[in-house]
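Report on the structure given below.
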2 protein chains.
Amino acid sequence: MYNDNHYQYKDVKMRCQRAKGQGPFWPSNGCGARMTAPRQAIFRTLHEMEGHPTVDEIFAKLRLQFPGIGLATLYRNLELLRSNGHVSAFDSGDGKLRYELRQKAERPGHHHHLVCRSCHQIIDYMNFENEELELVKKLEVHLVQKYKYQVTDHDITFYGTCPNCSTERA
Amino acid sequence: MYNDNHYQYKDVKMRCQRAKGQGPFWPSNGCGARMTAPRQAIFRTLHEMEGHPTVDEIFAKLRLQFPGIGLATLYRNLELLRSNGHVSAFDSGDGKLRYELRQKAERPGHHHHLVCRSCHQIIDYMNFENEELELVKKLEVHLVQKYKYQVTDHDITFYGTCPNCSTERA
DNA sequence: TTAACTGCAAACACTTTGCATAGAT
DNA sequence: ATCTATGCAAAGTGTTTGCAGTTAA
């Protein structure tokens, strides 16, 4: 049973996950995905969170608003969102997946990550110029030609040691 | 007990993991790391393997040469090697870590990854020109200045669908 | 009305840890 | 002689799955 039902639907468009070429949006499109209160709460929580929360961080916050929700529901929805492209999953090296809304509003420019190998802090950066975009485009075209991959996205991550961890060791 | 002892030490230089500024190399440097038969076999196996094997793939091959070795030993050594920088760990998105010798010989040029979101196949590519190197350098300098990170390395990954998985879905 | 979704708990897969023993230096 | 590494098994951790009941459409 859903323990809490006071959230209203948002204008969330969820692409159909099962068939291609079918009506692409939720709700009532015949592709199966339904908007429920727990799912609604998950969207809401993700929108409210900053950074790259882990599943348990999301779950903790979620439970404040929606006490009865189960962890499995969160996992199932995150996977659904990921496969729909609404959310991206990211492994910072500590074994826990971290999630992030792909577009909090309307594609605010993609960013990349700067990860501390020691404490797993993650910094976003988005200092890309045309230069980067050109290079990436070039690489993509090359990869498509050479390997016949349909490239959908990319990820650039720098690893290192954050100021805190540097001074700790020094 | 070590069940197999017919491997000889190699000229593997393992950086000390515990203190900085101390004698940096193994063996007999006082930093604690010792070369043992199982460890030797792990090095050897990694050298022999292509691609980005998972732990169980490494373990399977390892057992052929060194039947008595324990899985925990492999994990412990991979972590040691990773922290020493001899090996890099990489998550392709299927939840299993994949390992790769950082330098099979003498830094043969780093490569990046092209990952299939569907079957998790990984292709290496190394088509980087000066262009890329310059861009990356520029970004690194920027990141160091702005965030005070000591950047040690980076990773560029393209995601998409491989030819096999594309045709399967079509 | 029916097919999707949920919560719970049990199962899972991968990794880490405790401990007594073996081994490198 | 000392202190690290090993193998085994048990514990841990994060994630997935089976199921009976609930709910969106």
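Each chain gets a letter, A, B and so on, in the order its sequence line appears, and its residues count up from 1.
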In short, A/Ala41 meets A/Phe66 closest at the heavy-atom pair CB-CD1, 3.5 Å

Is it true that B/Lys137 and B/Glu140 make a salt bridge, defined as a side-chain N closer than 4.0 Å to a carboxylate O? no

If I take atom CG in residue A/Leu80 and atom C1' in nucleotide D/dT17, what distance separates them, rounded to the nearest angstrom? 17 Å

Euclidean distance, atom CG of residue A/Leu62 to atom P of C/dT6 [Å, nearest integer]: 11 Å

Can you measure B/Glu79 atom CD to C/dC14 atom P for me and round it to whole angstrom units? 18 Å

Considering non-hydrogen atoms only, spot the tightest contact between A/Glu100 and A/Gly51 and give its length. CG-O, 4.2 Å

Integer-rounded Å distance: D/dT17 P and A/Asn77 CG: 15 Å

Strictly below 4.0 Å, N to O, side chains only: are B/Glu79 and B/Arg82 in salt-bridge contact? yes

Would you find a donor on one side and an acceptor on the other, under 3.5 Å apart, between the side chain of B/Arg39 and the backbone of B/Asn77? no

Take the C1' atoms of the five end pairs on each side of the helix from C/dT1-D/dA25 to C/dT25-D/dA1, get both axes, and report the angle to 10 degrees. 40°

When the distance from CD of A/Gln40 to P of D/dT23 is rounded to whole Å, what number comes out? 16 Å

Quick one: is A/Thr73 getting a side-chain N or O under 4.0 Å of the C/dC5 phosphate, OP1 or OP2? no

Calculate the interatomic distance between B/Arg34 atom CZ and C/dA24 atom P; express it in whole Å. 9 Å

Is a donor-acceptor pair below 3.5 Å formed from side chain A/Arg76 to base C/dC5, judging by atom type as modelled? no

Once hydrogens and angles are ignored, does a donor-acceptor distance under 3.5 Å link the base of C/dG23 to the side chain of B/Arg39? no

Between C1' of C/dT15 and CD1 of B/Ile58, the distance in whole Å: 14 Å

Less than 4.0 Å between a side-chain N and a carboxylate O, is that true for A/Lys61 and A/Glu57? no

Taking atom C1' of C/dC8 as reference, at what distance in whole Å does atom CZ of A/Phe59 sit? 11 Å

Pairs: protein N or O with nucleotides 11-15 of chain D N or O, under 3.5 Å:
unit_1	atom_1	unit_2	atom_2	d
D/dG14	OP1	A/Lys96	NZ	3.3
D/dT15	OP1	A/Leu97	N	3.3
D/dT15	OP2	A/Tyr75	OH	2.2
D/dT15	O5'	A/Tyr75	OH	3.1

From the set D/dG7, C/dT25, D/dA24, return the single nucleotide nearest to any side-chain atom of B/Ile69. D/dG7

Mind checking side chain to side chain contact (heavy atoms under 4.5 Å, CB included) for A/Thr157 and listing every partner two or more places apart, or none if nothing turns up? A/Phe90, A/His113, A/Val115, A/Asp155, A/Tyr159

